[in-house]
Amino acid sequence: MIKKRLQKRLDQCFAEGCQKGFWSDAAADCYAVEEPKHENQGDFSTNMAMVIAGREKKATGKKVNPREIAGHLIKLLEQHSDILERAETAGPGFVNFFIKPSVWQSVVKLVCPADESYGLAAEENGKRVLVEFVSANPTGPLSVGHGRQAVLGDCIARLLDAAGYEVDREYYYNDAGRQMRVLGESTRSRYLELLGLPFEFPEDGYQGEYIYDIARELIEEKGDSLRDIEDVAPFKNKAEACIFKDIHGTLIRLGITFDKYYNEHSLYENGHIDDVVARLRDKGLVYELDGAVWFKTTKFGQKQDRVIIKSSGEPTYRLPDIAYHREKFKRGYDWMVDIFGADHIATVPDVMAGIRALGYDDSKVTVVLHQFVTLMRQGRQVKMSTRKANFVTVDELLDEVGPDVMRFFFLMRKADSQLEFDLDLATSQSQENPVYYVQYGHARLSSILKMAEEKGAKQGTLDDAPLHLLVEPEELRILKGIAAYPSLVIHAANDLAPHRIVFFLQELAGLFHSYYNKYRFISDDADLTRARLWLGHGLRIVLRNGLLLLGMTAPEKM
RNA sequence: GCGCCCGUAGCUCAGCUGGAUAGAGCACCGGACUUCGAAUCCGGGAGUCGCAGGUUCGAAUCCUGCCGGGCGCGCCA
């Protein structure tokens, strides 16, 4: 927010410079306020002079010296000495800003009263966004891959919510079709097997141990009364119910809930599937060949057309996917975010083509593709195979590491990167585990604040807190971190990048730990103690809010 | 063969819309607890940012080509 203030002042100077004829307005909106890497380059800097020089040269052909422009700018900046300690030119023409400590100190007066709401957008931005994630069909327990997606989607939803969007979380699933039939058959087969009756396990059946559990439950409930039934429905329905219950349970353990479960089947029942085909047909974008119905995806930049209805009369997965997305548009969302695993890449262009074909704006749909997770134990990759169902489930992983560690690890990497989940690191209760580094920061700080109370150290009121005493470089760094948090949330939300929050928290916790080891919060100096306790108070709010934003706990003791 | 993603320190990874001497954690070595929590801190070494061109005042970041790894490329989802 300090950056924003500075940006405004800078815009004023730019306009004044135009008026005075120092430069033209060609560079308007092209310059930026940045945060330099090194502290001796100021709190912020701008490339305005270099950008102006570039534009002027392009416009007039005359060479312009950026440092000269910077000189004018610095003159204009003199009237802003209320927030600026000084501004200086550096390097090829940067102007570096040194903000007055009093400005940084004043952030304490923003965080503390705001408390839980610090870092949340002050007001709704009026935009509705739908986040679709997990969307696993009920054929088995959630695997680690789903786990990454679940945590990623959930945290993105939390971020968007914090940034002022109205967020809906949706789980899209299909409990009809071949997959589910096979599930039913697998269950029946296990049922018969457990009863000691002859059975035939389907060739591509689900081999997981969990199918036995379901069959066992079925026997408990119905005995052998289902032994001669031809219909797989009772088996399928039982399996689906059990598995969904299981998935829900897993998600709850992770702290994840959905606003809506959207059943693919309803798209058929409500005629949306047929309607999409009809609309595409009207537009001349489908044709029949070899008994199948094809969608002219080549009209939308693809190499080949795609089948949307098989010769058997059954739609391919593409058609309901397109229909589903059209429904999202119809439901009035301004932004639709889909979280998919890397193995679903191929479907994205088809859905986008469908959206455009139906006359909707596909730029309103953002697909976050996350890469795979590899589990490492003792330096070796844990082999996983879906087919034999010897993959590691989210539940098993949760048993080992717990929800906080799991969330943190899944959020540590940007979605684009493959994620290496180091089980030894995740299970280690100390030292190198980064999760505890942040949580310990919060716990330590909590305990200090409590201790201060017990010792009778007076914090006093915020209004007359002597914040001007917070002048140590470490204190100013912490204050800057606190100040940066709200805009970080906004940017991380808009970029759908929760990992930035993780990195920020690690850094902020690091600043605190260093500070703690060098200075004392509670000392004989009553005023200094008051100021530092308020600093700690503000810092704790940010650590806590950040952890909660990641869906983690902020323990006061550990 | 085609499409998407990745390639930065020994390992795992940050690096926001191109910016000034490329960062962190782990691992390794050496230090710091009679005082607010040592799950912490302080110090140290370590990198031709895969390679080659190009755009620019300026490139880890943008463009092109190549090399290496992952995932896809079905009338499966």
Side-chain angles (χ1 to χ4, degrees), chain A residues 32 34-38 40-41 45 47 50-51 53-54 57 63 66 90-94 96 135 137 139 174 177-179 204 264 289-294 302-304 306-312 314-318 320-321 341-349 369-372 374 376 379 412-420 422 425 428-437 439-441 443-452 454-455 457 488 491-492 494-495 497 499-500 502-503 506-507 509-510 512-523 529 532-533 536 557-558:
Chain A
E34 300 159 334
E35 283 143 75
K37 283 181 209 145
H38 300 92
N40 58 15
Q41 294 166 345
S45 71
N47 57 0
M50 289 179 296
V51 174
K57 192 183 162 192
K63 257 200 220 165
F94 288 100
N96 295 339
S135 295
N137 289 339
T139 59
N174 182 17
R178 204 189 65 89
Q179 244 186 353
D204 51 355
E264 180 184 319
L289 182 72
D290 302 332
V293 179
W294 296 70
Q302 293 198 50
K303 285 260 156 65
Q304 44 187 287
R306 300 289 181 183
V307 170
I308 50 171
I309 300 178
K310 303 183 231 173
S311 51
S312 66
E314 264 184 309
T316 61
Y317 65 90
R318 284 182 199 96
D321 275 4
D343 53 341
H344 280 62
I345 286 177
T347 77
V348 176
L369 277 170
H370 70 267
Q371 298 294 317
F372 285 179
T374 51
M376 302 293 283
M412 257 192 320
R413 307 289 173 238
K414 60 182 179 214
D416 284 343
S417 301
Q418 283 177 50
L419 190 152
E420 190 163 299
D422 185 337
L425 183 62
S428 85
Q429 281 279 319
S430 63
Q431 299 278 346
E432 61 272 12
N433 195 329
V435 181
Y436 299 118
Y437 187 78
Q439 289 187 322
Y440 180 62
R444 190 184 226 183
L445 197 42
S446 301
S447 123
I448 289 166
L449 295 174
K450 205 170 136 201
M451 174 73 67
E454 284 166 8
K455 278 193 177 178
L488 171 75
H491 284 116
N494 288 329
D495 295 345
H499 73 277
R500 285 201 212 138
V502 175
F503 280 87
Q506 290 187 95
E507 232 169 86
F512 165 63
H513 288 309
S514 297
Y515 176 64
Y516 171 84
N517 274 277
K518 191 163 169 187
Y519 303 93
R520 299 189 59 79
F521 278 85
I522 304 158
S523 66
T529 300
R532 287 184 172 170
L533 287 176
K557 274 187 240 196
M558 46 194 288

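Within every chain, numbering begins at 1; the chains are lettered A, B, ... in the order of the sequence lines, protein sequences first and strands thereafter.
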For [N], take OP1 and OP2 only and decide whether either is under 4.0 Å from a side-chain N or O of [X].
X	N	result
A/H38	B/G23	yes
A/S523	B/C36	no
A/K37	B/A20	yes
A/S417	B/C6	no
A/K414	B/C6	no
A/Y437	B/C41	yes
A/Y516	B/A38	yes
A/Y440	B/A39	yes
A/R318	B/C75	no

base_contact_polar (B/A20 base, A/N96 side chain, donor-acceptor, <3.5 Å):
yes
Is there a donor and acceptor pair closer than 3.5 Å between the side chain of A/T316 and the base of B/A77?
no
Suppose you measure atom [atom1] in [N] against the same atom in [M]; what distance do you get, rounded to whole Å?
N	M	atom1	value
B/G18	B/A9	P	24 Å
B/C62	B/G70	P	23 Å
B/U8	B/C49	P	11 Å
B/U21	B/G58	C1'	15 Å
B/G44	B/C51	C1'	33 Å
B/C29	B/G65	P	47 Å

I need the [atom1]-[atom2] distance between [X] and [N], as an integer number of Å.
X	N	atom1	atom2	value
A/L488	B/G15	CG	P	12 Å
A/N517	B/U40	CG	P	10 Å
A/I345	B/C2	CD1	P	17 Å
A/R413	B/C13	CZ	C1'	4 Å
A/L445	B/U40	CG	P	16 Å
A/L419	B/G70	CG	P	17 Å
A/L369	B/G3	CG	P	17 Å
A/H499	B/G25	NE2	C1'	15 Å

Tell me, which stems hold RNA chain B, with a stem being 3 or more Watson-Crick or G-U pairs in a row and both distances under 3.5 Å?
B:1-7 with B:67-73, B:10-13 with B:23-26, B:28-32 with B:40-44, B:50-54 with B:62-66
Among [options], the one nearest [X] by side-chain distance:
X	options	result
A/R444	B/G19, B/G15, B/A38	B/A38
A/M451	B/G19, B/G23, B/G37	B/G37
A/Q418	B/C75, B/A14, B/G70	B/G70
A/K303	B/A39, B/C76, B/C2	B/C2
A/R306	B/G74, B/C36, B/C76	B/G74

Contacts of A/A32 and A/S311 projected onto RNA chain B by closest heavy atom; the upstream (5') one is A/A32
Determine whether a donor-acceptor pair (N or O, by modelled atom type, separation under 3.5 Å) exists between the side chain of A/H513 and the backbone of A/Y437.
yes
Check whether any side-chain N or O of A/N433 sits under 3.5 Å from a backbone N or O of A/V435 as a donor-acceptor pair, and report yes or no.
yes
Do A/Y515 and A/R532 make a side-chain contact, defined as non-hydrogen atoms from C-beta onward lying under 4.5 Å apart?
yes
Beyond-backbone contact of A/P315 with A/P320, side-chain heavy atoms, under 4.5 angstrom:
yes
Set out, in order, the CA-CA distance, both residues' side-chain angles and the distance that settles side-chain hydrogen bond (donor to acceptor under 3.5 Å, both in side chains) for A/R413 and A/H370, then state yes or no.
CA-CA 10 Å; A/R413 307 289 173 238; A/H370 70 267; over 6 Å; no
